[in-house]
Student: 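One structure, pasted below without further comment.
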Number of protein chains: 2
Amino acid sequence: MTRASSRRPGPPTRTERGIPEATVARLPVYLRALTALSDSGIATASSEDLATAAGVNSAKLRKDLSYLGSYGTRGVGYDVEYLRYQIAREIGVTQDWAVVIVGIGNLGHALANYSGFGTRGFRIVALLDADPKLVGERIGDMEVRDFAELEHIVETDRVSIGVITTPAGPAQEVCDRLVAAGVTSILNFAPVVLSVPDGVDIRKVDLSIELQILAYHEQRKSGEVALPQVPELPATNALTPDLPAVGGGVIA
Amino acid sequence: MTRASSRRPGPPTRTERGIPEATVARLPVYLRALTALSDSGIATASSEDLATAAGVNSAKLRKDLSYLGSYGTRGVGYDVEYLRYQIAREIGVTQDWAVVIVGIGNLGHALANYSGFGTRGFRIVALLDADPKLVGERIGDMEVRDFAELEHIVETDRVSIGVITTPAGPAQEVCDRLVAAGVTSILNFAPVVLSVPDGVDIRKVDLSIELQILAYHEQRKSGEVALPQVPELPATNALTPDLPAVGGGVIA
DNA sequence: AGGAGCTTGTGAACGTGAGAACAAAATCGG
DNA sequence: CCGATTTTGTTCTCACGTTCACAAGCTCCT
Ligand SMILES: NC(=O)c1ccc[n+]([C@@H]2O[C@H](COP(=O)([O-])OP(=O)(O)OC[C@H]3O[C@@H](n4cnc5c(N)ncnc54)[C@H](O)[C@@H]3O)[C@@H](O)[C@H]2O)c1
Ligand SMILES: NC(=O)c1ccc[n+]([C@@H]2O[C@H](COP(=O)([O-])OP(=O)(O)OC[C@H]3O[C@@H](n4cnc5c(N)ncnc54)[C@H](O)[C@@H]3O)[C@@H](O)[C@H]2O)c1
């Protein structure tokens with residue numbers, strides 16, 4: 001509340017062309033839905049059609065789109081190609097983004113083999129690993145290179161996005177190197193909380209967390225009322241009594 | 001406002017032991033942080049310590065934990081082992097959940113090779129694929145089985161969680177089969193919006209979307225004010241003019 | 001025993017997000 | 001040219017989530 005002139009309750013905030021985060025997260029879904037419609041030869045779609053294709057409700061979709069501008073036509077709907085272009089431009093996928101992947105193990109290999117990135121908006125410019133045995137291996141039309149080349153590659157290819165698929169242990173160190181080299185957006189698959197300086201964006205993908213969230217809901221579907229019995233509180237902060245061993249491990 | 005007796009502003013809602021969704025999503029993070037602390041030999045931790053380890057602010061952490069009960073000690077903090085057990089119990093990872101993975105391609109292989117699930121709370125009971133060439137292949141101590149065996153396996157092993165790593169095309173069909181077989185929680189990696197009946201939970205992991213969200217923020221870091229020029233609106237809903245080809249493709 | 005010092009648990013204020021509802025704008029048929 | 005019909009863009013309201021701030025409660029020291 002220090003700036004932003006005189007803000008009354010008003011709309012969500014929308015700081016000078018700033019789009020609400022929840023909306024930003026849905027734009028890629030709309031983009032994909034539009035592409036699907038386009039591929040089906042559909043030229044115009046109503047908010048209802050689009051909302052169905054994107055799995056949201058139509059009021060939300062219209063409000064989301066309204067943050068970008070007025071790209072629809074009342075009584076008609078949206079021109080699929082035109083809207084697709086507008087969203088792509090807003091997200092920034094009209095240009096190509098250079099990406100490096102660090103840690104070419106199980107997951108790194110899968111990502112490297114994946115054609116979905118290359119096709120649209122993202123270009124993988126390097127696969128990096130610290131393991132000398134992996135360096136030089138060919139994956140598709142790329143070759144695994146030594147992690148030491150990071151700084152050089154980032155500078156040469158103007159890399160702004162880094163993907164971390166190393167084990168949890170070295171992830172923070174790798175992250176620091178990426179940031180120092182000039183990478184300002186990071187997608188992290190390692191199950192650790194990474195800390196980055198201001199100005200660097202970080203997102204994480206965490207399988208174990210997703211499964212655990214599902215487990216929570218699953219538990220309450222079946223058990224419903226019958227939750228496992230709670231062991232009595234420890235008398236004081238006594239040195240941990242014998243509780244069943246349970247997980248959520250650091251390695252998980 | 002139809003039910004729930006007389007709801008005044010009151011607390012978030014907390015429908016009869018129901019924990020807010022945002023909190024549920026963070027509990028696994030706390031669980032991991034506690035395991036890390038435990039492994040470092042730390043027996044007691046304050047909300048501040050825990051919050052730092054989990055990458056959230058301490059007020060939020062305390063409020064989250066308060067939904068589970070009063071497991072801390074004022075002036076002291078939380079007993080690490082005890083809290084870890086309580087969270088694990090609440091999430092439901094004190095028991096093992098049987099999981100099937102459908103679609104053993106690049107990503108399915110990576111998941112199958114991953115030790116992180118098996119270690120705690122989740123047990124992969126089958127790897128399924130429709131491709132006869134893959135059926136029979138060994139991955140670790142498991143063997144790829146025919147997708148046709150799904151129903152049998154789900155029943156025998158009481159599978160409640162399914163992971164979909166097939167291409168987008170067959171994903172809905174696979175999903176329907178899973179649901180029909182009795183699976184009530186699904187983790188989907190295919191870039192499509194799956195529809196499921198009430199009572200089935202679904203979560204998605206979508207790489208392209210994550211990257212596109214990063215791209216959005218990246219674009220506004222660099223360009224800041226200088227956004228690419230907007231082409232003029234189409235006069236009417238004329239058949240789509242010549243816009244640059246852009247992505248977010250269905251395959252992505 | 002009593003007070004000083006910490007740290008939890010929670011009430012209250014604030015901000016963000018979702019959805020219902022509707023006026024405004026466009027098309028179309030007569 | 002007008003009224004019926006369709007569908008957007010937006011307003012209003014309620015629900016949810018986050019953060020602050022502080023009383024209550026615990027430990028330890030004197
Ligand atoms: N494989 C999965 O399905 C899966 C699922 C969920 C999470 N994860 C997480 O993803 C990450 C990768 O998993 P994985 O199965 O591919 O592991 P992995 O062990 O197969 O591969 C890790 C790779 O990182 C490389 N590496 C290690 N230290 C490095 C460093 N300092 N610099 C550069 N490279 C380094 C290793 O040489 C190895 O090639 C892990 O953190 C894991 O927890 C994996
Ligand atoms: N590989 C990645 O890094 C990556 C990244 C992001 C998203 N994805 C998505 O994850 C999914 C899998 O990717 P992938 O690279 O492993 O693909 P893939 O083509 O390597 O593997 C797909 C597997 O699914 C099997 N399959 C096809 N139809 C099936 C059916 N009806 N029933 C059972 N099995 C069937 C195929 O035989 C194949 O083995 C895709 O939807 C992809 O878009 C993958």
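Throughout, a chain's letter reflects where its sequence line sits, starting with A, and its residues are numbered from 1.
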Student: Which protein N or O atoms sit under 3.5 Å from an N or O of nucleotides 5-8 of chain C?
Tutor:
from  : atom 1 : to      : atom 2 : distance (Å)
C/dT7 : O4'    : B/Gly75 : N      : 3.0
C/dT7 : O2     : B/Gly75 : N      : 3.3
C/dT8 : OP1    : B/Ser47 : N      : 2.5
C/dT8 : OP2    : B/Ser47 : OG     : 2.6
C/dT8 : O2     : B/Arg74 : NH1    : 3.3

Student: Calculate the interatomic distance between B/Glu21 atom CD and C/dG17 atom P; express it in whole Å.
Tutor: 17 Å

Student: Atom CD1 of A/Ile19 to atom C1' of C/dG17: distance rounded to whole Å?
Tutor: 15 Å

Student: Taking the nucleotide of DNA chain C with the nearest heavy atom to each, does B/Leu65 or A/Arg26 sit closer to the 5' end?
Tutor: B/Leu65

Student: In whole angstrom, give the distance that lies between atom OH of B/Tyr67 and atom P of D/dC16.
Tutor: 11 Å

Student: Considering only heavy atoms, which members of residues 50-59 of chain B lie under 4.0 Å from some atom of DNA chain D?
Tutor: B/Asn57, B/Ala59

Student: Considering non-hydrogen atoms only, spot the tightest contact between A/Pro28 and B/Ile213 and give its length.
Tutor: CG-CG1, 4.4 Å

Student: Whether the side chain of A/Lys63 and the base of D/dT10 hold a donor-acceptor pair under 3.5 Å is what I'd like checked.
Tutor: no

Student: Ignoring backbone atoms, test whether B/Lys60 places a side-chain nitrogen or oxygen under 4.0 Å from the OP1 or OP2 oxygen of D/dT19.
Tutor: yes

Student: Report the residues that fulfil salt bridge (charged side-chain N to carboxylate O under 4.0 Å, His left out) with A/Asp96, sequence neighbours left out, ordered by chain and then residue number.
Tutor: A/Arg123

Student: Using a strict cut-off of less than 4.0 Å between a Lys/Arg side-chain nitrogen and an Asp/Glu carboxylate oxygen, indicate whether A/Asp206 and B/Arg32 qualify as a salt bridge.
Tutor: yes

Student: Filter on salt bridge (Lys or Arg N to Asp or Glu O under 4.0 Å), then keep only pairs touching residues 18-30 of chain B, sequence neighbours left out; what's left?
Tutor: B/Arg26-B/Asp64

Student: Could you list the donor-acceptor pairs under 3.5 angstrom formed between side-chain atoms of residues 195-205 of chain B and any protein atom two or more places apart in sequence or on another chain?
Tutor:
from     : atom 1 : to       : atom 2 : distance (Å)
B/Asp201 : OD2    : A/Lys221 : NZ     : 3.2
B/Arg203 : NE     : A/Glu210 : OE1    : 2.4
B/Arg203 : NH2    : A/Glu210 : OE1    : 3.2

Student: Quickly work out the B/Leu68 CG to C/dG9 P distance and round it to whole Å.
Tutor: 10 Å

Student: Do the ring centers of A/Tyr71 and A/Tyr82 come within less than 6.0 Å of each other?
Tutor: yes

Student: List in chain and number order the residues that pass side chain to side chain contact (heavy atoms under 4.5 Å, CB included) with B/Thr52, two or more places apart in sequence or in another chain; answer none if no residue qualifies.
Tutor: none

Student: Could you tell me if B/Ser47 and B/Arg62 have a donor-acceptor pair between their side chains, going purely by distance under 3.5 Å?
Tutor: yes

